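Presented below is the structure to which this report refers.
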Amino acid sequence: MSFRLSQRSRDRLKGVHPDLIAVVETAIRLTPVDFMITEGLRTPARQTELVRAGASRTLNSRHLTGHAVDVAAWVDGGVRWDWPLYPRIAEAFKAAAAASDVALVWGGDWPRLRDGPHFELDRRIYP
Ligand SMILES: [Zn+2]
């Protein structure tokens, strides 16, 4: 079984770093769980709004520079947020990143404020 990115997901990749787009393109072919892209590049105004709403804790988000994407698991025609789906998607992202030699960080691996839907290019390699 192989999934495809929807046009809506593709539209949300506009302005995202090409290396990260390449990882997404490979991950969608590898993942056992379908996903959509919910957000890529974010404006400073939207980031400020998210921080104010408590949905984000930093004004220094990787989304502001196109170095991050958020995904949502898509199962049986709907978005699902159950945690166990996200490590399975992350495995596909990690395999895709390894295949293209891209340094990728999964928010689900963060020891604090774990962020399962979030993937970003490693700051050490992509400042
Ligand atoms: Zn994010």
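Note that the coordinates shown come from a computational prediction; the quantities given were computed from them, not determined experimentally. All ligand and atom numbering here is 1-based and tracks the order in the structure.
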Using only heavy-atom distances, determine whether the side chains of Thr58 and Ser61 contain a donor-acceptor pair under 3.5 Å. no

At less than 2.8 Å, how many protein N/O/S atoms surround the Zn ion (ligand 1)? Leave waters out. 3

Less than 4.5 Å apart, side chain to side chain, heavy atoms only: is that true for Phe35 and Trp74? no

With rounding to the nearest 0.5 angstrom, report the CG to CG distance, Asp34 to Asp76. 10.5 Å

cation_pi(Arg114, Trp83) dist<6.0 Å, angle<=45: yes

Answer yes or no: are there more than 12 heavy-atom neighbours, outside Asp101 itself, under 6.0 Å from its atom CG? no

Parallel, tilted or perpendicular: which one describes the rings of Phe93 and Phe119, with boundaries at 30° and 60°? parallel

